[in-house]
2 protein chains.
Amino acid sequence: MKLDFSVAVHSILYLDAHRDSKVASRELAQSLHLNPVMIRNILSVLHKHGYLTGTVGKNGGYQLDLALADMNLGDLYDLTIPPTISYARFITGPSKTDEQADQSPIAANISETLTDLFTVADRQYRAYYHQFTMADLQADLNHHGTFLQHEQDSES
Amino acid sequence: MKLDFSVAVHSILYLDAHRDSKVASRELAQSLHLNPVMIRNILSVLHKHGYLTGTVGKNGGYQLDLALADMNLGDLYDLTIPPTISYARFITGPSKTDEQADQSPIAANISETLTDLFTVADRQYRAYYHQFTMADLQADLNHHGTFLQHEQDSES
């Protein structure tokens, strides 16, 4: 779900603002107005990939292990929104197992064509995020308009 | 829904292969393995925008008004999948009407930052489709790999 990326980004910014302490998932959940279980699920992915340390118990909590500038936004997008959702359900035409299928040249080939189109479009979409780090996102947070400015600059 | 784009593309290819006749929505529905009502809803959008003529009655049906090379793939994408889905539901933080909201600098600003990020990313995603016409899509249908080749060429 697209929300997972937003939760990861928001959590990282919160942890960055509290680098000197361990932050409990309950505290994060309050700040993000979300369920602690959802926070823990997403942070466990970040933990597994070395973004942060998480300790359990009375004085447990999360702490960032990386600087914001060392966290690529595209990596975070790929981690939290993997391209595993099959394009198949967005594509018309008979299924491969359908023996009765209309085997017109269009119906027989459209699935491969649309899959290629959607796959390349998705790769280019992800490439956009890979241009930035969490430091860029923090910069926009402090001074809105950096992403819009970047778009203008790359067009001119 | 993403399927709407696929249905529009598939229908146009079918109508292109039958330019000398009027095609009923029932015939299209059979070829696409979809409900005629869904087909009619999507084709009425294409009709409204001048892609095709649709006549009702006994000898009615759809006929294309444009050449494939004159149909931009990005225009079709924008028509069938408009960017109206609010990013709001993918963004964390308190709602603007929430008086009790945690007004930390992060929570107060993340919505605008993520909206900008997602908006620009979506615009660039759509720009990908705008590079092609339906004639390019038909070319890939007849000879798979043109979209993948185009990606390689633009990287090198």
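Worth saying up front: this structure is predicted, and the values here are computed from it rather than measured. Every chain is numbered from 1, with letters handed out A, B, ... down the list of sequences.
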A.B. asks: Search all heavy atoms of Gln124(A) against all heavy atoms of Ser154(B) and return the closest pair with its distance.
C.D. replies: NE2-OG, 4.4 Å

A.B. asks: Kindly assign one of parallel, tilted or perpendicular to the pair Phe132(A) and Tyr128(A), based on the angle between their ring planes and the thresholds 30° and 60°.
C.D. replies: perpendicular

A.B. asks: Does any heavy atom of chain A fall under 4.5 Å from the side chain of Leu34(B), the backbone, both, or neither of them?
C.D. replies: side chain

A.B. asks: Chain A: which of Leu137(B), Leu73(B), Val9(B) shares the most heavy-atom pairs with it under 4.5 Å?
C.D. replies: Leu137(B)

A.B. asks: Would you name the heavy atoms of Thr80(A) and Leu76(A) that are closest together and state the gap between them?
C.D. replies: OG1-O, 2.7 Å

A.B. asks: Is Ala127(B) in contact with chain A via its backbone, its side chain, both, or neither, using a 4.5 Å heavy-atom distance?
C.D. replies: neither

A.B. asks: Where do Arg19(A) and Leu66(A) come nearest, in terms of heavy atoms and distance?
C.D. replies: NH2-O, 2.7 Å

A.B. asks: Under a 3.5 Å threshold, yes or no: a donor from one side chain and an acceptor from the other, between Asn72(B) and Thr133(B)?
C.D. replies: no

A.B. asks: With a strict 4.5 Å heavy-atom criterion, list every residue of residues 141-150 of chain B that contacts chain A, or say none.
C.D. replies: Leu141(B), His144(B), Gly145(B), Phe147(B), Leu148(B)

A.B. asks: Which heavy atom in Pro105(B) sits nearest to a heavy atom in Asn109(B), and how many Å separate them?
C.D. replies: O-ND2, 2.8 Å

A.B. asks: Quick check on the structure: residues of residues 41-55 of chain B within a heavy-atom distance below 4.5 Å of chain A, by number.
C.D. replies: none

A.B. asks: Take His18(B) and Tyr14(B) through the ring pair (Phe, Tyr, Trp, His ring centres under 6.0 Å) test and state the conclusion after the steps.
C.D. replies: CA-CA 6 Å; His18(B) 299 81; Tyr14(B) 190 94; 4.2 Å; yes

A.B. asks: Could you tell me which residues satisfy side-chain contact (heavy atoms from CB on, under 4.5 Å) with Arg26(B), sequence neighbours excluded, listed by chain and number?
C.D. replies: none

A.B. asks: Would you call the rings of Phe5(B) and Tyr129(B) parallel, tilted or perpendicular, taking 30° and 60° as the class edges?
C.D. replies: perpendicular

A.B. asks: Minimum heavy-atom separation for Ser11(A) to Leu28(A), with atom names?
C.D. replies: CA-CD2, 3.9 Å

A.B. asks: Applying salt bridge (Lys or Arg N to Asp or Glu O under 4.0 Å) as the test, list every pair that has at least one member in residues 145-156 of chain A; sequence neighbours left out.
C.D. replies: Glu151(A)-Arg123(B)

